[in-house]
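This report refers to the structure that appears directly beneath it.
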Amino acid sequence: MSPELAHHIALDARLVDAVGAIRLLQAVSWPVAEQERFLEGFRRGQPQLPTPRYRGRDLSAARAELAAIRDAADPQHPLGQYLQRSAESWLHAAWLIEAAGSEAASWHSIQIFGRPGDALPGSAYTNIDAARHFIEIADEVSGTLPAEDGEAVYSAEAMAAELQAALDAFFVGHRVRVEVDPELIAKAAAGPTRIRLRGGASFSEYDLRQLLEHEAFVHSLTALNGREQPHLKSLSRSAPRVTATQEGLATFAELMTGAIDLPRLKRLSLRILAIDMALNGADFIDVFRFFLDSGQSEVESFASAQRVFRGCPTSGGAAFTKDAVYLHGMLSVHTFFRWTIRHRRPRLSHLLFAGKMALHDVFTLEPLFEDGVIAEPLYLPPWAQRANGLAGVLAFSLFANRIRIDRVEAEDLTLGL
């Protein structure tokens, strides 16, 4: 092992130690009591802005170490570039946690996750354009599609049992537990070895497939693959900057397996518009009513609105912008997979699962895969294991995207006599 490589592997180990206290989503999450308090007032006709309290954190020691790691990394070395990007990302997360409850938190969120109006790769369209497109399509066809496959048929406990059986069969070398958590506001959350479901929630067949493909076979899978890395243990940690790729890859997995439905695409899209509203001055009550008017229940509207204001003032002009990455990430990952086929480099699509990486990291770290410094992924999602099938879908997509659907008339689609 060269001195340069050993130096950066040592920096990577320091990075893992430094970020142990930086738990962004945990630091900005709201207690269940906020939901109960708000909905009680709303039902009386007297809604009040939520005022969640955030525990003050002093992360100066972690920030100092992260800055030292960033400055010690060589930007000319692939690992140095990776470490500098990661350290800077974790620094913004630390600053955001320290600023929780203030407008400064919103600024750091934008540095990490971007804005709803950011342009999509290779396009003049923005996330907002994509969101409006999916909402328009969902609203147009909502009354023409059967609803039975979206109906809730599982309790949280029944869903946990179904998921546990599937995970035990897939992760043969690891144990990933499924637990029901009555304190969870989100419907589900995943870590390397645990998937939590919101107690009291009901789940549909689509929810089951989405949880498997999104939470288990991407989020848990990439974390476990990262833990198996011989040298770069940071690949098991989800640096804030990799969120767009991770969520994009997970949502793309839903698309590839038919696990995503139009209502889910609409929910993701509504969050983008809601973030844009909040950044432009809408307060929590405005955003809550926006979700309510869009067809969500009171409980789901609160859950959606609180995602927008995590760590930020609820009075408007600020937002936690993480949910802007879902569509952006999915479209970017789709573009990445198509790029690998067009440029005859399909192996890169497998390397993306070797740990918690951003798309850019796959290109930067490719030489280290070749040298064996970074290990190939231990687990691959079932759909990604079928390389020829994936290539076929993407090859079809490359050509189909050349067809302008807005120029097609019904009579053009007549086949035969």
Side-chain angles (χ1 to χ4, degrees), residues 25-26 28-54 131 135 138-139 142 147-160 162-163 178-190 195-211 214-215 247 260-275 277-278 282-312 314-316 319-320 322-323 326:
L25 294 184
Q26 184 182 91
V28 299
S29 65
W30 293 11
V32 173
E34 289 293 339
Q35 174 181 296
E36 297 168 352
R37 187 180 304 116
F38 176 83
L39 291 180
E40 182 182 349
F42 175 78
R43 289 161 184 161
R44 293 198 316 266
Q46 298 176 322
Q48 300 291 320
L49 291 177
T51 56
R53 294 185 178 181
Y54 301 101
I135 292 170
D139 288 343
S142 62
E148 58 267 18
D149 57 356
E151 293 177 352
V153 294
Y154 295 102
S155 65
E157 291 73 17
M159 176 65 77
E162 291 281 343
L163 283 174
V178 184
E179 300 176 354
V180 176
D181 183 354
E183 296 298 316
L184 190 66
I185 291 182
K187 201 166 187 179
I195 294 176
R196 292 179 295 152
L197 307 177
R198 186 174 72 211
S202 298
F203 298 84
S204 68
E205 287 287 348
Y206 267 114
D207 290 328
L208 174 59
R209 295 166 63 193
Q210 288 163 5
L211 286 167
H214 186 114
E215 303 292 353
E247 298 297 355
I260 199 166
D261 57 357
L262 273 175
R264 175 156 168 77
L265 277 174
K266 181 178 178 179
R267 287 195 300 273
L268 297 176
S269 300
L270 288 172
R271 293 173 190 172
I272 292 173
L273 299 189
I275 291 170
M277 288 174 57
D283 65 18
F284 182 92
I285 297 173
D286 296 328
V287 172
F288 170 81
R289 291 186 186 278
F290 167 74
F291 284 114
L292 201 61
D293 293 343
S294 299
Q296 295 188 7
S297 68
E298 290 179 356
V299 171
E300 293 302 325
S301 294
F302 180 89
S304 296
Q306 67 87 26
R307 293 177 69 101
V308 174
F309 288 94
R310 286 176 289 184
C312 298
T314 58
S315 53
F320 187 69
K322 175 180 177 286
D323 281 348
Y326 284 80

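It should be emphasised that the depicted structure is a prediction, and the values quoted were computed from it without experimental measurement. The analysis underlying the following values was restricted to heavy atoms, covering all of them including side chains, and did not include hydrogens, waters or symmetry mates. The first residue of the sequence shown is numbered 1, and numbering continues consecutively from there.
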message: Would E215 and Q210 count as a side-chain contact (heavy atoms from CB on, under 4.5 Å) here? Give the steps.
response: CA-CA 7 Å; E215 303 292 353; Q210 288 163 5; over 6 Å; no
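- F38 has its ring centre less than 6.0 Å from the ring centre of F288.
- The nearest pair of heavy atoms linking I285 to P47 is CD1-O, 3.7 Å.
- For the pair L211 and A188, the tightest heavy-atom approach, listed with the atom from each and the gap, is CD2-CB, 3.3 Å.
- Taken from CG in L184 to CD in E179, the straight-line distance is 11.0 Å, to the nearest 0.5 Å.
- Rounding to the nearest 0.5 Å places CD1 of I260 at 11.0 Å from CZ of R209.
- Atom CD of Q35 and atom CZ of F42 lie 13.0 Å apart (nearest 0.5 Å).
- Residues R310 and R307 approach most closely at NE-O, 3.2 Å, considering heavy atoms.
- Looking at P50 and Q306, their side chains never come closer than 4.5 Å, going by heavy atoms from C-beta outward.
- Interatomic distance, NZ of K322 versus CG of L25, reported as 5.5 Å (0.5 Å rounding).
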- request: Let me see the working for R44 and E40 under salt bridge (Lys or Arg N to Asp or Glu O under 4.0 Å), right down to the final yes or no.
  value: CA-CA 7 Å; R44 293 198 316 266; E40 182 182 349; 3.5 Å; yes
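- Scanning all heavy atoms of the two residues, the minimum distance from S269 to A131 falls at CB-O, 3.4 Å.
- With hydrogens and angles ignored, the 3.5 Å screen pairs a side-chain donor or acceptor of K187 with a backbone N or O of S202.
- Judged by distance alone, with hydrogens and angles left aside, the side-chain atoms of E162 form no donor-acceptor pair with the main-chain N or O of M159 at under 3.5 Å.
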- request: Go through L208 and Y154 one step at a time and tell me if the side-chain contact (heavy atoms from CB on, under 4.5 Å) criterion holds.
  value: CA-CA 9 Å; L208 174 59; Y154 295 102; 3.8 Å; yes
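- Screening I135, L265, D323 for a side-chain contact (heavy atoms from CB on, under 4.5 Å) with L270, the sole residue that qualifies is I135.
- The shortest distance between side-chain heavy atoms of L268 and R264 falls below 4.5 Å.
- Taking the centre of each ring, F284 and W30 come in below the 6.0 Å mark.
- Rounding to the nearest 0.5 Å gives a distance of 10.0 Å between CD1 of I275 and CZ of F309.
- With rounding to the nearest 0.5 angstrom, the CD atom of E157 is 9.0 Å from the CZ atom of F203.
- When every heavy atom of Y54 is checked against every heavy atom of V28, the shortest pair comes out as CE2-O, 3.6 Å.
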- prompt: For E300 and R267, what are the C-alpha separation, side-chain angles and deciding distance, and is it a salt bridge (Lys or Arg N to Asp or Glu O under 4.0 Å)?
  reply: CA-CA 10 Å; E300 293 302 325; R267 287 195 300 273; over 6 Å; no
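- For V287 against A282, the heavy-atom pair with the smallest separation is CG2-CB, 4.1 Å.
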